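Below: one structure, written as structure tokens.
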Protein chains: 2
Amino acid sequence: MHDVAAAAGVSIATVSNVLNHPEKVLEGTRTTVHEAIRELGFVRNDAARSLASGRNLTIGFVATDLANTFFVDIARGAQDAALEEDRHVLIANSDVKASLQETHLALFDEARVAGIVLAPLGGPPPGVESLRAHGRPIVVVNHASVRTDVCSVLIDNEEVGFIAAEHLIALGRRRLAFCSVAGDSDQAIRERRAGVRRAVAAHPGVVLEDIDTIDLETPGGIQAGHEIASRPAAERPDGVVAVADAVGSAITRVLVGEAHLRVPEDVAVIGCDHNLSGREGGIPLSSVSQRGYDIGVEAVRLLAQEIADQGGEHVHRTVVLQPSVIADESTIGRDRAIGG
Amino acid sequence: MHDVAAAAGVSIATVSNVLNHPEKVLEGTRTTVHEAIRELGFVRNDAARSLASGRNLTIGFVATDLANTFFVDIARGAQDAALEEDRHVLIANSDVKASLQETHLALFDEARVAGIVLAPLGGPPPGVESLRAHGRPIVVVNHASVRTDVCSVLIDNEEVGFIAAEHLIALGRRRLAFCSVAGDSDQAIRERRAGVRRAVAAHPGVVLEDIDTIDLETPGGIQAGHEIASRPAAERPDGVVAVADAVGSAITRVLVGEAHLRVPEDVAVIGCDHNLSGREGGIPLSSVSQRGYDIGVEAVRLLAQEIADQGGEHVHRTVVLQPSVIADESTIGRDRAIGG
């Protein structure tokens, strides 16, 4: 950068601005600096220089599944928070495959990133010790770890279920159903189910049933939709909490498209993900915000603190964010949803 | 990896399978290998080893804007194609900022990736010469370069406009409007406009007007929606091609939510992006598939060829993919959209 500044006859700060905040620099100066950069074959900026000098300013984000917009939101929040302190984020997509998750952690380790934000698959996050032994702190997001020696950021999933059910009850629904795979092995599902039960228990006269689905995707929703549609009206739920938006969206498609019921008039449906999978080919689905962007921001802040604390004391923290309902046509009806 | 195999008493192939295809390995063997890995502090897999030895199998993808699902689709296609030859993809999000685009190209250059897939911002892709001088081929996607010395993959944007207009005409619409920012400085817009005009010209009796918007986002759509709604019925278009889904979605919200017109009965609306921005708070929007996944696959294939050709002859190629209409409620109505 010194060479570029000298060749262009400007300060180092100006070169830095041209690279990072070009809007602050006059166009003529920008052109001069870019010409100097080209002539010198200069490729490094501050971040790349730091990498070469061993002080890497890059943060690696290992995402569970970028096809789920929740993880894109996390990546965007992480990047914005990282940029505030001139760090950069590279993203690797595990695509819901454990082998890719391990490969990407190893890649970032080998690339000597300053730290890693990991949205792990179902199991406990792998490789924390080994990464930490190499001086690479790791912050876990969207996974309530049983271990207390890792910083983590997550949404309050019990509250997700609670506010989804409260939303339906506030709209006058009295016969609720929770649609999800059976069992309580998955933490998020277990907590969402508990939240739904807490809301129902707080309202005498409201009843709840579980409708088990074969999966958390479209097939499970189609199955649940048929189950609901096959019943006489008096035995149908009038409000459905679907543990995943993909399930909720498929339920609305079956109820409206095949069974010719009305959503939300006959059955109101809310998902729990707000990940836009409820936006494909059906009635726009109410859901619960997972606050992915904020999770990304908090994760990078925790990571920065852990990086700063390296070699000294560090207190691991867990940040729990509160969700909020995003109401759309599947619970409040078209007029209110579009009219705003 | 040799050390791990020796310590675990298994073959190198088994260690590789544990890391990359764990489902192929018995659980007991997996545990033994993972214990050996932990004991040895082993962090490298094939990809990381290659990186350390100077033969990097990582491909960098510099995305214009991950908030647009089109670029996530490209990343996913690129990753799947890369995995077929044991390469890995790391993603950097330019977030529509030229300074970030330059930073990320420099980061990938410094990290000595095998090659780069770049979805550039508006201008010509920067840094191609410098990256190539460093032995890093670059393939450009979603940008019709004027230069012939770069491989590129793009969608046929003239066809995008053509099939969007043809879709409306086939549904019986005769007074079309093309909603976009004025001018023809942006290549994609210029081509989509030309395609719409070609379709209209092929159908005597169909008329077309341009409705200029202030931008390609929600404000532009709100403005166009008000313009359309303010007219007497006989002067309103009955079919709208919005150059961007965000514009089309905002138009439907104004027409239905404020002006109490019917979509599609009074005005059918189609976007051109299919990027799910047409899925937020309105009538599900018909649009045109941009084939992002296929673009990613083709880009990595071209890149692999250019990497293989390094030091020898290489013929640069441009792959042009054909779009297709994805019909939804905003043109074919709710019953057909949900009933499938």
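No experiment lies behind these values; they were computed from the predicted model shown. Each chain gets a letter, A, B and so on, in the order its sequence line appears, and its residues count up from 1. Atoms considered below: every heavy atom in the structure, side chains included; atoms not considered: hydrogens, waters and symmetry mates.
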Checking heavy atoms, do the side chain of [X], its backbone, both or neither come under 4.5 Å from chain A?
{"X": "B/Ala75", "value": "neither"}
{"X": "B/Phe108", "value": "side chain"}
{"X": "B/Asp80", "value": "side chain"}

- prompt: Between A/Leu105 and chain B, which part of the residue has a heavy atom less than 4.5 Å away: side chain, backbone, both or neither?
  reply: neither
query: At a heavy-atom separation under 4.5 Å, does A/Ala67 approach chain B through its side chain, its backbone, both, or neither?
result: both
Pairwise distance [atom1]([X]) to [atom2]([Y]) - rounded to 0.5 angstrom:
{"X": "A/Phe61", "Y": "B/Ile91", "atom1": "CZ", "atom2": "CD1", "answer": "10.0 Å"}
{"X": "A/His260", "Y": "B/Asp335", "atom1": "NE2", "atom2": "CG", "answer": "8.0 Å"}
{"X": "B/Thr58", "Y": "A/His104", "atom1": "OG1", "atom2": "NE2", "answer": "8.5 Å"}
{"X": "B/Asn93", "Y": "A/Arg76", "atom1": "CG", "atom2": "CZ", "answer": "7.0 Å"}

Residue pair [X] / [Y]: nearest heavy atoms and the distance that separates them:
{"X": "B/Leu90", "Y": "A/Ala92", "result": "CD2-CB, 3.8 Å"}
{"X": "A/Leu66", "Y": "B/Val72", "result": "O-CG1, 3.4 Å"}
{"X": "B/Asp95", "Y": "A/Gln79", "result": "CB-NE2, 4.1 Å"}

field: B/Arg253 bridged to A/Glu329 by N-O distance under 4.0 Å
entry: no
